[in-house]
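Let me begin by presenting the structure, written as structure tokens, before commenting on it.
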Amino acid sequence: MATSHYKLPSDDTNTWLMKSEPDAYSFDELEKTGRGMWDGVRNYAARNNLRAMRRGDQVLFYHSNIGMEVVGICEVITEHYPDPTAESGDWSVVDVKPLLRLPQTVTLKAIKATPELANIALIKQSRLSVMPVQREEFLKILEMALMVNG
DNA sequence: GCCAACGTTGGC
DNA sequence: GCCAACGTTGGC
């Protein structure tokens with residue numbers, strides 16, 4: 001099955017959530033290329049979160065605007081480096097690779113309806129595009145994605 | 001299409 | 001350094 005090679009994030013790594021509008025960059029696209037550069041972040045808080053990422057950290061891939069759901073998990077495969085798409089300013093990217101397409105997506109609606117996720121940054125800081133996620137929150141979302149029949 | 005939340009800019 | 005004006009994000 002698709003999840004057979006997926007490994008839960010190890011205890012010495014951090015977990016994150018990153019947003020993308022799927023018509024700009026989708027999980028499909030990341031899966032197609034096998035590797036992606038997370039560019040275009042132009043917000044200091046989000047940039048600082050990129051800079052705090054380490055190789056092996058796992059990231060929930062969220063589709064904003066269209067879908068409004070977590071669709072997959074990817075892994076950070078480089079430390080941060082300067083954003084080559086930035087014409088000015090001090091901006092950063094990391095590279096990621098797809099790890100797992102969720103068997104069942106986890107919608108914003110479902111997240112909002114889950115008491116254990118009441119404090120997730122996705123809800124508390126709705127405009128932030130790169131944010132830390134607590135391990136328990138990450139595992140809860142994964143559990144929801146694996147549940148049979150919703 | 002609207003608007004709340006929130007980040008940025010610039011005048012003072 | 002304050003804050004009003006403005007721009008952007010992203011859910012509804």
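Residue numbers start from 1 in every chain, and the chains themselves are labelled A, B, ... in the order their sequence lines are given, proteins ahead of strands. Keep in mind that the numbers below use all heavy atoms, side chains included, and drop hydrogens, waters and symmetry copies.
- In this entry the distance linking CD of A/Gln125 with C1' of C/dT8 reads 16 Å, nearest Å.
- For C/dG11, the OP1/OP2 oxygens have a side-chain nitrogen or oxygen of A/Tyr62 closer than 4.0 Å.
- The distance between atom CG of A/Asn43 and atom C1' of B/dA5, rounded to the nearest whole Å, is 13 Å.
- Atom NZ in A/Lys112 sits about 8 Å away from atom P in C/dG11, given to the nearest Å.
- For A/Leu108 and C/dT9, the CG to P distance is 18 Å, given to the nearest whole Å.
- Remark: P of B/dA4 and CG of A/Asn65 are 18 Å apart, rounded to the nearest angstrom.
- Salt-bridge formation is detected for the pair A/Asp90/A/Arg51: a Lys NZ or Arg NE/NH1/NH2 atom is positioned less than 4.0 Å from an Asp or Glu carboxylate oxygen.
- Residue A/Lys19 has no polar side-chain atom (N or O) positioned under 4.0 Å from OP1 or OP2 of C/dT8.
- Protein atom CG of A/Asn49 is 12 Å distant from nucleotide atom P of B/dG7, rounded to whole Å.
- Residue A/Tyr44 places its side chain closer to B/dT8 than to any other of B/dT8, C/dG11, B/dC6.
- Within the 4.0 angstrom heavy-atom criterion, no nucleotide atom of any strand lies near A/Lys109.
- Note: CG (A/Leu122) to P (C/dT9) measures 16 Å, nearest angstrom.
- One finds no salt bridge joining A/Glu29 and A/Lys32 here, because no Lys/Arg side-chain nitrogen approaches an Asp/Glu carboxylate oxygen to under 4.0 Å.
- As a whole-Å value, the separation of A/His63 NE2 from C/dG10 P is 13 Å.
- Between A/Leu108 and A/Leu122 there is a side-chain heavy-atom pair separated by less than 4.5 Å.
- Between the side chains of A/Thr78 and A/Arg35, no donor N or O sits under 3.5 Å from an acceptor N or O.
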